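Here the structure is laid out as structure tokens; the discussion comes afterwards.
Just so it is clear: chains get the letters A, B, ... in the order the sequence lines come, proteins before strands, and each one is counted from 1. All values below were derived from every heavy atom in this structure, side-chain atoms included, with hydrogens, water molecules and symmetry-related copies excluded. Keep in mind that what you see is a predicted model, and the values were worked out from it rather than measured.
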Amino acid sequence: MSRAKSPFKARQARAGLLFALPSVVLILVFFFGPVLYGLWLSLTDFDLYAIGDPSTVRFVGIGNYARALTDADVWNALKVTLFYAFVGAPLSVAVSLVAALLVDAQATRMKAFFRVVYFTPVVTTLVAVAIVWRYLYQPQYGLVNAFLAHFGVPRIDWLGDPHWALPSILLLAVWKNFGYNLLIFIAGLQNVPRELHEAAQLDGANGWQRFWNITLPDLAPVFLFISVTTVINYFQLFAEPYVMTQGGPLKSTTSLVLLMYEQGFRWWRLGYAAALAFVLFALILLATTVQMRLQAMQAGKERA
Amino acid sequence: MTRARLALLLVLALSGCAPRATGPVTVRMWAMGREGEVVGELCRDFEREHPGIRVQVQQIPWSAAHEKLLTAHVGGSLPDVGQLGNSWISEFGALHALAPLDGWLAKGGAGRDAYFGGIWDTNVLEGTPYGLPWYVDTRLLFYRKDLLARAGYSSMPTTWTEWAECMRRIRAQSGGKRYGIFLPTNEWLQPVVFGLQSGSSLLSEGNTRGAFQQPEFKRAFEFLLGLYREGLAPTLGINEIANMYQEFERGTFAMVITGPWNLGEFARRLPDSLQGAWGTAPLPGPDGPGVSFAGGSSLVMYQSTKHPEESWALMQYLSRPDVQVKFWQLTGDLPARREAWADSGLTADARTRAFGDQLTRTAPCPMVPEWEEIATRILEQTDRAIRGATPPDSALADLDRIVDRMLEKRRWIAERKALTANSKHSEVAR
């Protein structure tokens, strides 16, 4: 590569930069700016007193991070978040996939209708959904308990009992969100060549074998995309517990993001909340990297 | 030349068009919930009395109030006057959002003596008042007179020992079917009020450390835990019983500690047959009538106001005894001014009178911005101790540790203040 460029190329590069400039500036100002500010915040003890009197801000170095390590609430929120991410996300993907296979099956009629039905929860306001689900979960008159009572199941306080609240919220989250992945899966399924299925059928492969050897490998890229985005989304779960239980009972549904919100905007410990945000960022980065590596290894094995 | 003169004329005419100083001044006020709905009505009379002032009331739902006020403070858009829950005074004081009222009070206006002392004190930060109590909220006992009578009591006992004995008899008399009292395990009120009753300051060293392992709080904590341990109170949260009024009617428990809004609710929800059988009584204490919690809302003037004179006039008007009585009639909120209790229907009703009695014995919770979080921590540790997840002593030790850590910043600020005060002092000495 020679450093000397033709004047034309240089001009072109300048023009390109000029075109990119507005977006670059926007990203710098509205993304990297706040992120850097957040990073600085996380190294200070910025809190309520600091809003009143800025001279009380102290630089605490990694103090907030060290404190997070010994904070029982953080560990609890981490446990809850990992449950959301590693139970909720796979469950959500599985439900989406099964529903997509059903909707996409040749025998299914009224495909558009089912697509709309499954997608409706995604576009419905969570607050409205939460009201309905709170009725469903109501211990005395709720539909869920009324239904289970037919099978002799004793009354369960779904949202009030610390053991049940987490799975209850998770069920709501899965129901609320699976429709989105469903659409992506359907799009992926429609890209699987029919001829392969027909050929396999002629060779005597049964439904399961065709799914395992044709559908799934063809879906691999879609699968990767969905699993990464879904895990990230579940790591950031906030609205569902916030609206349904405010993180209770006994903090059993408090996710990291909810804890961060409470620390930041309820108790105004913005420095500490910013540190928690970076901890969460590191966790998501780690989880995503692991996922990508696993997927790459899988792909490598298949090619081999 | 003529053009310049014309321009001058125009400028003069334009400036003449805006004689703002002589027109009516608008005072903006933010009020919450039900109070926000009715305060406009009270203000019409105020405007009649003060033709030069217009009051613009904005109503804010309680659930959004805290965030809205903080955002408004940071954004510099707070109104002139506001209603503020008295547990938020210390927080907004720390933010320097509130105007100190000592200067205004010195010029005239009813001070501490005109109010219930415990309520007044919830507005004072380091000796300076930042709010005028508007209405008060305290908690006392709602109880079943018939069940107490059956257990041999014609009135509510006034000391802890007798009170617990009364609950024991109610339990025994019903063959163990009834509980003496319902103390929801998910409310911080009980441990805090019992602590205040036994003389605990809850925080120590100028509100910079927890005082939960000190003997006063320990005694209260033991008393509270004992009520559960003996089965005199059910180990249930408020969400775990479907309908408190129904259970009270059934006699599942004979007493419950709650607030003034339930005077109306009990009258409405309990059947006619029970209407003569329930009453209210001030809280018992360790060795005689005890204190209760001093809640409610205050009227504050925001630091940023441009019309302090007019704002103060409005605050004074809303604090006037006759207006306080009108306010009570509209909302059922109990007046904070003693005089308002003297000449009104308030004392005619025995159940309301008990509140008046209790109001002479109230104690403020610690005035620190962290209080709300401290209260939830007290609740958490109490809940753990009630359920036996932590032994009482270590629950209190944990509580002190958690609260000490929370208040580290206050200690640092106090030290810094002491240092600068010292250096100033030595400068003066030199």
Pick from A:Asp53, A:Asp161, A:Asp47 with the largest number of heavy-atom pairs that fall under 4.5 Å of chain B: A:Asp47
Below 6.0 angstrom between ring centroids: does that apply to A:Phe235 and A:Tyr84? no
Taking the six-membered ring where the residue is Trp, are the ring centres of B:Phe182 and B:Phe253 under 6.0 Å apart? yes
With chain A as the partner, which of [options] has the greatest number of non-hydrogen pairs under 4.5 Å?
{"options": "B:His96, B:Arg384, B:His73", "result": "B:His96"}
{"options": "B:Glu67, B:His66, B:Glu91", "result": "B:Glu91"}
{"options": "B:Leu379, B:Leu95, B:Val74", "result": "B:Leu95"}

With no hydrogens and no angle check, just 3.5 Å: does a side-chain donor-acceptor pair link A:Thr81 and A:Ser255? no
With no hydrogens and no angle check, just 3.5 Å: does a side-chain donor-acceptor pair link B:Asp80 and B:Ser311? no
In terms of heavy-atom proximity below 4.5 Å to chain B, should A:Arg266 be classed as side chain, backbone, both, or neither? both
Contact class of A:Asp73 relative to chain B, heavy atoms under 4.5 angstrom: side chain
Taking B:Glu205 first and then B:Arg410, would you say they form a salt bridge - that is, a charged N and a carboxylate O separated by under 4.0 Å? no
State whether B:Lys417 and B:Glu126 are salt-bridged, where the test is any N-O pair (Lys NZ or Arg NE/NH1/NH2 against Asp/Glu carboxylate O) under 4.0 Å. yes
Please classify the contact between B:Glu380 and chain A as side chain, backbone, both or neither, with a heavy-atom cut-off of under 4.5 Å. side chain
Check each atom of B:Glu370 against the heavy atoms of chain A and say whether the ones under 4.5 Å are side chain, backbone, both or neither. side chain
